[in-house]
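Report on the following structure.
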Amino acid sequence: LVGMSGVTATYVQGNNANTLWCFEYAGVYNDGTDAAPNWQPKIKGAGTDVYGYGGWPPGDGRDFTVNMGTKVAPWLLGFTSNFKFNDFNLSFVMTGKFGHVFTRQSFDYPPMWGGRVLPNKKLGEVMNGDPAKISPLPLNGDIEDRYYFWDRFYPYLSYLTESASHVRMREIMLTYDAPASLLAKIGISRCQFYGQVTNVFSIYANKFNEDPEFPEGTMKPQPNYTLGLKLQF
């Protein structure tokens, strides 16, 4: 279930082959003493067991990961329509995917050594969050000797799982055909003006408005606009 890149989809008997397995966050625990506290984030294990971010949990991965659902949409939508009014024609293409999940962007917890990575836009979520519900910044300053191990856990926590259901307006096209009676006077058999927009907009089911198919930082398709004229003589 786990490897050097964190939790992955894997084959577990009786479960969907495209299941997303995640660590379940357990909050922070004091690994030190009252006089010298050492607060560390933990993940849940079997029963009441908890494990820190400083090393891989022991035993069967099914004891410390949770099934968050399938990453592949079980339901697909395809819808096209065409409307005609006099010499105008409006058509569109819409698609949708429903019933699956994805992992939204996590705060990147920049490393404290070498060339620093700048914090991403999720910093406010961590700074204003409850450490009992969201993995905090390191709480112990210079004694975080296993901080380099954190990236095996924080991108794969269950609270980052969101609905991947979405709808996309793929294309809208409007055409106008000039009246044939008018065109005949100037020796043209057909004159059509058209305008087309592709990648029009998308609607997401997750409250963070993240695209499940184009993660933050990747190149998401942008709207394209086309105007044209077709003539037939």
Side-chain angles (χ1 to χ4, degrees), residues 8-9 15-22 67-108 118-125 128 155-233:
T8 62
N15 288 269
N16 188 303
N18 297 295
T19 295
L20 175 64
W21 298 92
C22 289
N67 180 336
M68 302 305 297
T70 179
K71 298 193 297 180
V72 177
W75 299 294
L76 305 177
L77 165 72
F79 183 68
T80 63
S81 193
N82 190 79
F83 302 93
K84 186 173 179 62
F85 179 75
N86 293 332
D87 296 318
F88 290 91
N89 192 79
L90 176 67
S91 62
F92 65 85
V93 177
M94 178 183 292
T95 62
K97 297 181 180 181
F98 307 95
H100 56 318
V101 296
F102 80 110
T103 300
R104 67 178 176 87
Q105 185 185 51
S106 167
F107 178 59
D108 56 358
L118 293 176
N120 65 17
K121 69 179 185 180
K122 300 295 184 176
L123 175 61
E125 181 181 340
N128 299 319
Y156 312 103
L157 296 170
S158 59
Y159 62 72
L160 297 171
T161 302
E162 298 287 340
S163 170
S165 298
H166 64 277
V167 172
R168 300 190 192 279
M169 182 63 76
R170 297 286 186 177
E171 176 185 301
I172 297 176
M173 188 167 186
L174 177 66
T175 64
Y176 170 73
D177 287 283
S181 58
L182 176 63
L183 297 177
K185 298 177 181 180
I186 55 177
I188 298 176
S189 60
R190 186 184 184 191
C191 176
Q192 183 185 77
F193 299 91
Y194 66 89
Q196 181 187 43
V197 186
T198 57
N199 303 318
V200 187
F201 63 82
S202 300
I203 301 174
Y204 313 117
N206 69 89
K207 65 181 180 181
F208 294 90
N209 201 39
E210 290 190 17
D211 193 313
E213 296 184 331
F214 298 95
E216 297 284 333
T218 61
M219 294 295 292
K220 178 181 176 181
Q222 298 299 304
N224 293 310
Y225 303 89
T226 303
L227 294 175
L229 171 66
K230 293 180 181 179
L231 292 174
Q232 291 181 4
F233 296 94

- Restricting to pairs with a member in residues 211-233, which pass ring-ring contact (aromatic ring centres under 6.0 Å, His included), not counting sequence neighbours?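 Found none.
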- Of all pairs that satisfy ring-ring contact (aromatic ring centres under 6.0 Å, His included), the ones with a partner from residues 71-90, not counting sequence neighbours: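 Qualifying pairs: F79-F92, F88-Y176.
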Can you tell me how far [atom2] of [Y] sits from [atom1] of [X], rounded to the nearest 0.5 angstrom?
X: I172; Y: M94; atom1: CD1; atom2: CE; value: 8.0 Å
X: Y159; Y: M68; atom1: OH; atom2: CE; value: 12.0 Å
X: H166; Y: N206; atom1: NE2; atom2: CG; value: 11.0 Å
X: N67; Y: T161; atom1: CG; atom2: OG1; value: 10.0 Å
X: T103; Y: E162; atom1: OG1; atom2: CD; value: 9.5 Å

- Qualifying side chain to side chain donor-acceptor pair (under 3.5 Å) pairs with a residue from residues 77-93, counting only residues at least two apart or across chains: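 Residue pairs with at least one partner in residues 77-93: N82-N89.
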Nearest heavy atoms of [X] and [Y], plus distance in Å:
X: Y156; Y: C22; result: O-CB, 3.3 Å
X: N199; Y: Q222; result: ND2-O, 3.2 Å
X: P215; Y: T218; result: O-OG1, 2.6 Å
X: R168; Y: S202; result: NH1-OG, 2.9 Å

- Query: Which residue pairs pass the salt bridge (charged side-chain N to carboxylate O under 4.0 Å, His left out) test with at least one member in residues 219-233, sequence neighbours excluded?
  - Reply: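 The answer is D211-K220.
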- Message: If the threshold is 4.0 Å, N to carboxylate O, is there a salt bridge linking K122 and D108?
- Response: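 The answer is no: the pair does not qualify as a salt bridge.
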- Query: With side chains defined as the heavy atoms from C-beta onward, is the minimum distance between L20 and F102 less than 4.5 Å?
  - Reply: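 No - every pair of side-chain heavy atoms lies 4.5 Å or more apart.
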- Does a side-chain heavy-atom distance below 4.5 Å link V167 with F98?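 Result yes, sub-4.5 Å side-chain heavy-atom pair found.
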- Item | Qualifying residues under side-chain hydrogen bond (donor to acceptor under 3.5 Å, both in side chains), relative to Q105, sequence neighbours excluded |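 Expected list: none.
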- Item | Contacts of T95 that satisfy side-chain hydrogen bond (donor to acceptor under 3.5 Å, both in side chains) - sequence neighbours left out |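 For T95 the side-chain hydrogen bond (donor to acceptor under 3.5 Å, both in side chains) partners, ignoring immediate neighbours, are R170.
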- Query: Can you list the steps and then say if C191 with L229 is a side-chain contact (heavy atoms from CB on, under 4.5 Å)?
  - Reply: CA-CA 7 Å; C191 176; L229 171 66; 3.6 Å; yes
Taking only residues two or more places apart in sequence or in another chain, which ones pass side chain to side chain contact (heavy atoms under 4.5 Å, CB included) with [X]?
X: A205; answer: S163, S165
X: T70; answer: N16, N18, V72, P74, H100
X: L227; answer: none
X: N209; answer: Y204

- Message: I'd like to know if the side chain of N120 reaches the main chain of S106, judged simply by a donor and an acceptor atom lying under 3.5 Å from each other, with no hydrogens or angles considered.
- Response: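 Looks like yes, one N/O pair under 3.5 Å.
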- Distance-only, no hydrogens or angles: does the S189 side chain make a donor-acceptor pair with backbone N or O of Q232 under 3.5 Å?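 At least one qualifying donor-acceptor pair exists.
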- Message: Applying salt bridge (charged side-chain N to carboxylate O under 4.0 Å, His left out), can you list everything that pairs with E125, at least two apart in sequence or on another chain?
- Response: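 E125 satisfies salt bridge (charged side-chain N to carboxylate O under 4.0 Å, His left out) with R104 only.
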- Item | Residues in salt bridge (charged side-chain N to carboxylate O under 4.0 Å, His left out) contact with K121, at least two apart in sequence or another chain |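 Scan of K121 (salt bridge (charged side-chain N to carboxylate O under 4.0 Å, His left out), adjacent residues dropped) gives E216.
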